[in-house]
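Beneath this line is the structure, given in structure tokens, with notes to follow.
Chain identifiers are assigned alphabetically (A, B, ...) following the order of the sequence lines, protein sequences preceding nucleic acid strands; residue numbering begins at 1 within each chain.
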Protein chains: 2
Amino acid sequence: MDRSTPASRGAVVDAACQLFADRGYHGTSMKDIAEALGVRAPSLYNHVASKQEILFAIMDKAMERALAALEEALAGVEDVSEQLRRATESLVLDFLRFPAEVTVCNTEVRSLEAANRLAIVAKRDHYAARVRQIIEQGCRSGRFSTRTPQIAAFAVLEMGNSAKSWFRPSGRYPDTYVASEYGEFALRVVG
Amino acid sequence: MDRSTPASRGAVVDAACQLFADRGYHGTSMKDIAEALGVRAPSLYNHVASKQEILFAIMDKAMERALAALEEALAGVEDVSEQLRRATESLVLDFLRFPAEVTVCNTEVRSLEAANRLAIVAKRDHYAARVRQIIEQGCRSGRFSTRTPQIAAFAVLEMGNSAKSWFRPSGRYPDTYVASEYGEFALRVVG
DNA sequence: ACGGTACTAATGAACGTTCATTAGTGCTCC
DNA sequence: GGAGCACTAATGAACGTTCATTAGTACCGT
């Protein structure tokens, strides 16, 4: 990291995010984060109050962004099939564009202190509930055919995770193409 | 843990597995593992050489079991649709029956030392390749219809992960029922 | 039946290292 | 001259691990 400009809170959070994604929260030290910024560990405390605060900031920002993207993707869409397609595409696009943030959200909930965990889990559950509602509504109206809408919802949500494990921005498919593929998969899962 | 019987290597590995799944490798201390067994930390070294060795033992055992289950599930099955269904069911059943082991395999590859990581990743890749081959063969023979067999393979493999995040043995569906649902999902994904 | 021996498994103490964090100090730019 | 930001130095706590030692148990030849 460039040392010509002073480190900012945002730079600390971003550097930490990449490291937490690669090595985990407990596998990353404040010294590691500082080194990524070309600075000594105690200097980080000029920008953040604690290591735990960094973790919470990463996850809260990521959840807010994902929720906003979902709402935007669904705005004004009436057809339930189109809703599921767009929700899935929004989800996968978020995974592909912010893989580090998403990885941290997926793996470090357990490293949050109790109060922070409650806040993040609530947002995550809200996201999952939104997708489940779509599938349940589709089942009620007969557009979808699944014996187990809840299980299908979990499957669709999880499916997208696979994308970020192999996707490379320089690869053969653009992110929007990959997202549309997963949108198709989601519609197939619900029949 | 019962202190009437002495701790064995297997007991150490099992206790560590649960803790690693809950708190992560770096989030679990040797003292934590020892306490779960009703013993002091140094006593663990009568049974294992190092903390890292415990992690490797957990993951290697889990991978071997999963690979064996896959081979058994596919033995003698010719039809490619039936192959995919059985592979998925085998995968999901493994997830549901050994959630802690699977969680460790999914999240702690990064905590393995280089040599150990190579060994585990090779087995994981072998598993994934087996499933991908089935889907690719199905596409070639026209039984499946997917533009992107590789992506579909990743989606199917990942999908199963969701099962263990909500499944409870005491819940309303038996594990075999859940597994068969995911088998159905997999077939739908490939068309 | 008995003493000797080897083995297993546990212990407290201590090792050196790393951890997150605090205190205090100085430079630099407005 | 004051705010912002980095520094060095130092803190207590926790980490994985090693060590010498002890208690209990099982097998052995006699």
Just how far, in rounded Å, is [atom2] of [N] from [atom1] of [X]?
| X | N | atom1 | atom2 | value |
| --- | --- | --- | --- | --- |
| B/Arg40 | D/dT17 | CZ | C1' | 17 Å |
| B/Arg9 | C/dT8 | CZ | P | 14 Å |
| A/Lys51 | C/dT22 | NZ | P | 14 Å |
| B/Ile54 | D/dG16 | CD1 | C1' | 11 Å |
| B/Leu19 | D/dC15 | CG | P | 12 Å |
| B/Asn46 | C/dA9 | CG | C1' | 5 Å |
| A/Leu37 | D/dA6 | CG | C1' | 13 Å |
| A/Tyr45 | C/dG24 | OH | P | 17 Å |

### Message
I need the B/Arg132 CZ to B/Leu157 CG distance, nearest 0.5 Å.
### Response
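So the gap between those two atoms works out to 9.5 Å.
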### Query
Which residue lies toward the 5' end of DNA chain D, A/Pro42 or B/Asp32, if each is placed at its nearest nucleotide?
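In this pair, the answer is A/Pro42.
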### Message
Quick one: does any side-chain atom of B/Lys61 pair with a main-chain N or O of B/Glu101 as donor and acceptor, under 3.5 Å?
### Response
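No, the answer is negative, given that no donor and acceptor are paired below the 3.5 Å cut-off.
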### Query
Among the nucleotides D/dA6, D/dG16, C/dT11, which one has an atom lying closest to any side-chain atom of B/Met30?
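Nearest listed nucleotide: D/dG16.
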### Polar side chain donor-acceptor pair, A/Ser111 to A/Glu108, under 3.5 angstrom
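Result is yes, a qualifying pair exists.
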### Query
With distance as the sole criterion, is a donor-acceptor pair present between the side chains of A/Asn106 and A/Asn161 under 3.5 Å?
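Yes, side-chain donor-acceptor contact under 3.5 Å.
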Side-chain N or O of [X] less than 4.0 angstrom from OP1 or OP2 on [N]?
| X | N | answer |
| --- | --- | --- |
| B/His47 | C/dA10 | yes |
| A/Ser29 | C/dT18 | no |
| A/Ser43 | D/dC7 | yes |

